[in-house]
Amino acid sequence: RRLPAWQLQRMWRMPWACCRDYRWEEKLLMSVMRIEVKKEGPVRYLSHLDYVEALQRALRRSGLPIAYSQGFNPHMKVSFAVALAVGVASEGEWADVELAELVSSQEFFERLAPSLPEGMKLLRVRLYPEKPKSLSTVLRAASYRASWELAPINEMGKLHQTLEDAWKEPEIMWESRSPKGVRRMDIRQELVKKLLLEENNGRTELKFWLKLSPTGSLKPTFLLEYLESKGFLSSKGANLVREGLWAPDEVGWKSPVED
(Lines give C-alpha, C1' and ligand atoms only; values in the text may rest on other atoms or scores of the structure.)
Protein backbone atom coordinates (compact mmCIF):
# COMPACT_ATOMS: atom_id res chain seq x y z
CA ARG A 1 0.00 0.00 0.00
CA ARG A 2 1.42 3.36 -1.01
CA LEU A 3 1.85 5.96 1.69
CA PRO A 4 0.53 9.48 1.09
CA ALA A 5 3.04 12.06 -0.11
CA TRP A 6 2.94 14.07 3.14
CA GLN A 7 3.88 10.98 5.21
CA LEU A 8 6.73 10.05 2.88
CA GLN A 9 8.01 13.61 3.14
CA ARG A 10 7.86 13.47 6.92
CA MET A 11 9.72 10.15 7.07
CA TRP A 12 12.38 11.50 4.74
CA ARG A 13 12.95 14.72 6.65
CA MET A 14 12.87 13.31 10.19
CA PRO A 15 16.32 11.67 10.31
CA TRP A 16 17.99 14.74 8.90
CA ALA A 17 16.24 16.98 11.39
CA CYS A 18 17.31 14.67 14.24
CA CYS A 19 20.89 14.74 13.03
CA ARG A 20 20.87 18.52 12.98
CA ASP A 21 19.48 18.56 16.52
CA TYR A 22 22.15 16.14 17.74
CA ARG A 23 24.91 18.16 16.15
CA TRP A 24 23.54 21.27 17.81
CA GLU A 25 23.38 19.52 21.19
CA GLU A 26 26.97 18.36 20.79
CA LYS A 27 28.06 21.98 20.36
CA LEU A 28 26.18 22.98 23.50
CA LEU A 29 27.24 20.02 25.67
CA MET A 30 30.99 19.99 25.29
CA SER A 31 31.88 19.96 28.99
CA VAL A 32 34.67 17.51 29.78
CA MET A 33 35.89 15.98 33.03
CA ARG A 34 39.64 15.33 32.97
CA ILE A 35 40.51 12.53 35.39
CA GLU A 36 43.71 11.01 36.80
CA VAL A 37 43.75 7.32 37.77
CA LYS A 38 46.47 5.37 39.55
CA LYS A 39 47.20 1.83 38.30
CA GLU A 40 48.86 -0.65 40.64
CA GLY A 41 48.83 -4.30 41.61
CA PRO A 42 47.33 -6.84 39.18
CA VAL A 43 45.82 -4.05 37.03
CA ARG A 44 49.31 -3.30 35.70
CA TYR A 45 49.09 -6.54 33.69
CA LEU A 46 45.98 -5.44 31.80
CA SER A 47 46.41 -4.49 28.16
CA HIS A 48 45.47 -0.95 27.20
CA LEU A 49 42.18 -2.14 25.66
CA ASP A 50 41.30 -4.08 28.82
CA TYR A 51 42.10 -1.02 30.93
CA VAL A 52 39.85 1.14 28.73
CA GLU A 53 37.03 -1.39 29.10
CA ALA A 54 37.50 -1.55 32.89
CA LEU A 55 37.25 2.23 33.21
CA GLN A 56 34.18 2.38 30.96
CA ARG A 57 32.45 -0.31 33.04
CA ALA A 58 33.19 1.73 36.16
CA LEU A 59 31.69 4.83 34.53
CA ARG A 60 28.54 2.86 33.72
CA ARG A 61 28.31 1.53 37.29
CA SER A 62 28.64 5.06 38.68
CA GLY A 63 25.49 6.19 36.84
CA LEU A 64 27.16 9.43 35.77
CA PRO A 65 25.70 11.18 32.68
CA ILE A 66 28.40 10.25 30.16
CA ALA A 67 28.01 11.40 26.55
CA TYR A 68 27.72 8.77 23.82
CA SER A 69 28.35 9.01 20.10
CA GLN A 70 25.39 8.91 17.72
CA GLY A 71 24.73 6.19 15.18
CA PHE A 72 23.98 2.46 15.04
CA ASN A 73 26.79 1.55 17.47
CA PRO A 74 27.02 4.35 20.07
CA HIS A 75 30.10 4.34 22.29
CA MET A 76 31.22 6.31 25.32
CA LYS A 77 33.02 9.55 24.57
CA VAL A 78 36.17 8.89 26.57
CA SER A 79 39.64 9.66 25.22
CA PHE A 80 42.88 8.50 26.79
CA ALA A 81 46.43 9.80 26.93
CA VAL A 82 49.41 7.61 26.04
CA ALA A 83 48.89 3.84 26.21
CA LEU A 84 50.83 2.09 28.96
CA ALA A 85 52.77 -1.10 28.24
CA VAL A 86 51.63 -4.33 29.90
CA GLY A 87 53.40 -4.89 33.24
CA VAL A 88 54.10 -1.19 33.89
CA ALA A 89 52.39 0.43 36.88
CA SER A 90 51.39 4.09 36.86
CA GLU A 91 51.07 6.83 39.45
CA GLY A 92 48.79 8.86 37.20
CA GLU A 93 46.99 7.94 33.95
CA TRP A 94 44.87 10.65 32.35
CA ALA A 95 41.58 10.45 30.46
CA ASP A 96 38.97 12.95 29.20
CA VAL A 97 35.33 12.04 29.84
CA GLU A 98 32.72 14.01 27.89
CA LEU A 99 29.52 14.72 29.83
CA ALA A 100 25.92 14.68 28.62
CA GLU A 101 24.87 16.81 31.60
CA LEU A 102 26.78 19.23 33.78
CA VAL A 103 28.10 17.57 36.96
CA SER A 104 30.27 19.12 39.66
CA SER A 105 33.80 17.84 40.16
CA GLN A 106 33.00 16.75 43.72
CA GLU A 107 29.93 14.74 42.69
CA PHE A 108 31.82 13.13 39.81
CA PHE A 109 34.66 12.10 42.13
CA GLU A 110 32.33 10.75 44.85
CA ARG A 111 30.38 8.62 42.36
CA LEU A 112 33.24 7.26 40.26
CA ALA A 113 35.85 6.54 42.97
CA PRO A 114 33.93 3.64 44.64
CA SER A 115 33.00 2.18 41.25
CA LEU A 116 36.59 1.55 40.16
CA PRO A 117 37.98 -2.00 40.48
CA GLU A 118 40.78 -2.99 42.84
CA GLY A 119 44.11 -1.63 41.64
CA MET A 120 42.58 1.50 40.08
CA LYS A 121 42.34 4.60 42.28
CA LEU A 122 40.86 7.96 41.29
CA LEU A 123 43.33 10.70 42.27
CA ARG A 124 41.80 13.94 41.00
CA VAL A 125 39.34 15.37 38.52
CA ARG A 126 38.88 18.74 36.86
CA LEU A 127 35.84 20.06 35.00
CA TYR A 128 36.29 21.96 31.74
CA PRO A 129 33.10 23.83 30.72
CA GLU A 130 34.40 23.78 27.15
CA LYS A 131 36.26 20.95 25.48
CA PRO A 132 40.03 21.40 26.11
CA LYS A 133 42.88 20.46 23.82
CA SER A 134 43.25 16.71 23.56
CA LEU A 135 45.69 14.95 25.87
CA SER A 136 47.66 13.56 22.94
CA THR A 137 48.18 17.14 21.71
CA VAL A 138 49.19 18.58 25.08
CA LEU A 139 51.43 15.88 26.59
CA ARG A 140 55.05 15.85 25.45
CA ALA A 141 57.00 13.90 28.11
CA ALA A 142 56.65 10.93 30.46
CA SER A 143 58.67 10.31 33.62
CA TYR A 144 59.55 6.77 34.73
CA ARG A 145 61.08 5.00 37.71
CA ALA A 146 62.77 1.60 37.44
CA SER A 147 63.86 -0.13 40.64
CA TRP A 148 65.85 -3.21 41.60
CA GLU A 149 67.04 -4.89 44.75
CA LEU A 150 69.75 -2.77 46.30
CA ALA A 151 72.93 -3.03 44.26
CA PRO A 152 76.25 -3.69 46.09
CA ILE A 153 78.10 -0.51 47.05
CA ASN A 154 81.17 -1.51 45.04
CA GLU A 155 79.05 -1.63 41.86
CA MET A 156 77.44 1.81 42.22
CA GLY A 157 80.41 3.63 40.72
CA LYS A 158 80.27 1.45 37.60
CA LEU A 159 76.50 1.97 37.27
CA HIS A 160 76.85 5.77 37.55
CA GLN A 161 79.58 5.72 34.92
CA THR A 162 77.36 3.73 32.52
CA LEU A 163 74.67 6.41 32.81
CA GLU A 164 77.17 9.24 32.36
CA ASP A 165 78.55 7.61 29.21
CA ALA A 166 75.04 7.15 27.78
CA TRP A 167 74.18 10.82 28.40
CA LYS A 168 77.37 12.02 26.69
CA GLU A 169 76.74 9.97 23.53
CA PRO A 170 75.65 12.17 20.57
CA GLU A 171 73.45 9.31 19.35
CA ILE A 172 72.48 5.83 20.52
CA MET A 173 71.06 3.76 17.68
CA TRP A 174 69.03 0.78 18.84
CA GLU A 175 66.98 -1.85 17.02
CA SER A 176 63.68 -3.11 18.37
CA ARG A 177 62.22 -6.30 16.95
CA SER A 178 58.52 -7.09 16.96
CA PRO A 179 56.03 -9.06 14.84
CA LYS A 180 55.67 -5.90 12.73
CA GLY A 181 59.36 -5.95 11.87
CA VAL A 182 62.57 -4.21 12.92
CA ARG A 183 62.54 -0.56 13.97
CA ARG A 184 65.71 1.50 14.39
CA MET A 185 65.68 4.53 16.66
CA ASP A 186 68.03 6.99 18.33
CA ILE A 187 67.53 6.52 22.06
CA ARG A 188 69.65 9.55 22.93
CA GLN A 189 67.26 11.92 21.11
CA GLU A 190 64.33 10.54 23.13
CA LEU A 191 65.83 11.45 26.52
CA VAL A 192 64.42 14.65 28.04
CA LYS A 193 66.52 14.84 31.21
CA LYS A 194 69.74 13.38 32.55
CA LEU A 195 69.47 9.82 33.89
CA LEU A 196 69.37 9.79 37.70
CA LEU A 197 70.49 6.85 39.86
CA GLU A 198 69.78 6.80 43.60
CA GLU A 199 69.03 4.57 46.59
CA ASN A 200 65.54 4.73 48.08
CA ASN A 201 63.83 2.49 50.65
CA GLY A 202 66.47 -0.18 50.33
CA ARG A 203 66.26 -0.35 46.54
CA THR A 204 68.33 0.97 43.65
CA GLU A 205 66.24 3.35 41.52
CA LEU A 206 66.77 4.78 38.05
CA LYS A 207 64.68 7.81 37.11
CA PHE A 208 64.38 9.01 33.53
CA TRP A 209 62.20 11.12 31.25
CA LEU A 210 61.24 10.22 27.67
CA LYS A 211 59.71 12.32 24.91
CA LEU A 212 56.14 11.72 23.81
CA SER A 213 55.09 12.10 20.19
CA PRO A 214 51.77 11.51 18.36
CA THR A 215 53.74 9.53 15.76
CA GLY A 216 55.29 7.14 18.29
CA SER A 217 57.46 7.16 21.40
CA LEU A 218 60.33 5.11 22.77
CA LYS A 219 59.30 2.25 25.05
CA PRO A 220 61.04 2.52 28.43
CA THR A 221 62.03 -1.16 28.23
CA PHE A 222 64.17 -0.37 25.15
CA LEU A 223 66.24 2.09 27.20
CA LEU A 224 66.68 -0.50 29.97
CA GLU A 225 67.72 -3.14 27.42
CA TYR A 226 70.33 -0.80 25.96
CA LEU A 227 71.74 0.04 29.41
CA GLU A 228 71.87 -3.67 30.26
CA SER A 229 73.94 -4.29 27.12
CA LYS A 230 76.43 -1.72 28.48
CA GLY A 231 76.79 -3.44 31.85
CA PHE A 232 73.84 -1.91 33.73
CA LEU A 233 71.33 -3.85 35.85
CA SER A 234 69.08 -6.50 34.26
CA SER A 235 66.11 -5.04 32.37
CA LYS A 236 63.99 -8.14 33.15
CA GLY A 237 64.41 -7.72 36.90
CA ALA A 238 63.24 -4.11 36.93
CA ASN A 239 60.04 -2.95 38.61
CA LEU A 240 58.87 -0.25 36.19
CA VAL A 241 56.50 2.59 37.10
CA ARG A 242 55.36 5.59 35.07
CA GLU A 243 55.46 8.48 37.53
CA GLY A 244 53.72 11.10 35.43
CA LEU A 245 52.75 12.60 32.08
CA TRP A 246 53.77 16.19 31.42
CA ALA A 247 52.98 19.18 29.24
CA PRO A 248 55.57 21.89 28.50
CA ASP A 249 55.24 25.44 29.77
CA GLU A 250 57.40 28.58 29.92
CA VAL A 251 59.48 27.46 32.91
CA GLY A 252 59.59 23.70 32.45
CA TRP A 253 56.89 21.07 32.78
CA LYS A 254 53.40 20.92 34.27
CA SER A 255 50.57 18.39 34.69
CA PRO A 256 47.74 18.50 32.10
CA VAL A 257 45.32 20.09 34.60
CA GLU A 258 47.52 23.04 35.50
CA ASP A 259 46.85 26.36 33.75
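Checked against Glu93 for a salt bridge (Lys or Arg N to Asp or Glu O under 4.0 Å), the options Arg34, Arg242, Arg124 give a single hit: Arg242.
In this structure, Trp209 belongs to a hydrophobic cluster whose other members, linked by side-chain heavy atoms under 4.5 Å apart, are Val192, Trp246, Trp253. Hydrophobic clustering, defined by side-chain heavy atoms of Ile, Leu, Val, Met, Phe, Trp and Tyr closer than 4.5 Å, leaves Leu49 isolated from every other such residue.
A salt bridge does not link Glu40 to Lys121: none of the charged side-chain nitrogens sits closer than 4.0 Å to a carboxylate oxygen. By the 4.0 Å N-to-carboxylate-O rule, Arg145 lies close enough to Glu243 to be salt-bridged with it.
With rounding to the nearest 0.5 angstrom, the CD atom of Glu199 is 10.0 Å from the CD atom of Glu205. Interatomic distance, CH2 of Trp148 versus CG of Leu224, reported as 5.5 Å (0.5 Å rounding). In this structure, CE in Met185 is found 6.0 Å from CG in Leu218, a value given to the nearest 0.5 Å. Between the CZ atom in Phe232 and the NZ atom in Lys158 there is a gap of 11.0 Å [rounded to 0.5 Å]. Taken from CZ in Phe208 to CG in Leu223, the straight-line distance is 5.0 Å, to the nearest 0.5 Å. Atom CD1 of Ile66 and atom CG of Leu112 lie 8.0 Å apart (nearest 0.5 Å).
Of all non-hydrogen atoms in Leu127 and Ser31, the two that sit nearest each other are CD1-CB, 4.3 Å. Pairing each heavy atom of Tyr128 with each of Pro256, the nearest pair is OH-O, 3.4 Å. In terms of heavy-atom proximity, Glu198 sits nearest to Leu196 at OE1-CD2, 3.9 Å. Residues Pro74 and Ser69 approach most closely at CB-O, 3.1 Å, considering heavy atoms. Residue Val125 comes nearest to Ser105 through the heavy atom pair CG2-O, 3.5 Å, listed as atom of the first residue, atom of the second, then distance. Here the closest non-hydrogen pair linking Ala142 and Leu245 is CB-CD2, 3.7 Å.
The closest side-chain heavy-atom distance from Thr162 to Leu197 is not below 4.5 Å. Side chains of Tyr68 and Met76 form a contact here, defined as non-hydrogen atoms less than 4.5 Å apart. Ser217 has its side chain out of reach of Leu210: every pair of non-hydrogen atoms, C-beta onward, lies at least 4.5 Å apart. You'll find the side chain of Val103 reaches within 4.5 Å of the side chain of Pro65, heavy atoms only.
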Test side-chain contact (heavy atoms from CB on, under 4.5 Å) on Phe222 and Glu190; report intermediate values, then the result. CA-CA 11 Å; Phe222 292 163; Glu190 300 300 315; over 6 Å; no
Report the C-alpha separation of Asn201 and Arg203 in whole Å, then their side-chain angles, then the decisive distance to 0.1 Å, and conclude whether the side-chain contact (heavy atoms from CB on, under 4.5 Å) test is met. CA-CA 6 Å; Asn201 295 325; Arg203 293 181 67 83; 5.7 Å; no
Decide yes or no on side-chain contact (heavy atoms from CB on, under 4.5 Å) for Val86 and Tyr51, but give the supporting numbers first. CA-CA 10 Å; Val86 175; Tyr51 166 68; over 6 Å; no
side-chain contact (heavy atoms from CB on, under 4.5 Å) between Leu206 and Leu233, worked out: CA-CA 10 Å; Leu206 171 66; Leu233 299 171; over 6 Å; no
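Residue Glu130 places its CD atom among 12 or fewer non-hydrogen atoms of other residues, nucleotides or ligands, all under 6.0 Å distant. More than 12 heavy atoms of other residues, nucleotides or ligands sit less than 6.0 Å from atom CD of Glu258.
In this structure a side-chain-to-backbone donor-acceptor pair under 3.5 Å is present from Arg188 to Trp167. Of the possible donor and acceptor atoms, one in the side chain of Ser143 sits under 3.5 Å from a partner among the backbone N and O of Gly244. Judged purely by atom type and a 3.5 angstrom limit, Thr204 uses its side chain to pair as donor or acceptor with the backbone of Ala151. The closest donor-acceptor contact from the side chain of Ser90 to the backbone of Lys39 lies at 3.5 Å or more, if one exists at all. Under the 3.5 Å distance criterion, the side-chain polar atoms of Lys211 are matched with a main-chain donor or acceptor of Gln189.
In this structure, Met156 is a member of the same hydrophobic cluster as Leu195, with clusters built from ILVMFWY side-chain heavy atoms closer than 4.5 Å. The hydrophobic cluster containing Leu99 also contains Leu122, counting ILVMFWY residues as joined when their side-chain heavy atoms lie under 4.5 angstrom apart, directly or transitively. Note: the hydrophobic cluster containing Val97 does not contain Val257 (ILVMFWY, side chain heavy atoms under 4.5 Å, direct or indirect links). One hydrophobic cluster, built from ILVMFWY side chains closer than 4.5 Å, holds both Leu227 and Leu240. Both Leu116 and Leu64 are members of a single hydrophobic cluster when ILVMFWY side chains are connected at heavy-atom separations under 4.5 Å.
Not counting sequence neighbours, the partners of Arg57 by the salt bridge (Lys or Arg N to Asp or Glu O under 4.0 Å) test are Glu53. Under the rule for a side-chain contact (heavy atoms from CB on, under 4.5 Å), the partners of Lys133 that lie at least two apart in sequence or sit in another chain are Val138. With sequence neighbours left out, Gln161 forms a side-chain contact (heavy atoms from CB on, under 4.5 Å) with Glu164, Asp165.
Residue pairs that meet the side-chain hydrogen bond (donor to acceptor under 3.5 Å, both in side chains) test with at least one member in residues 218-234, sequence neighbours left out, are Glu228-Ser235.
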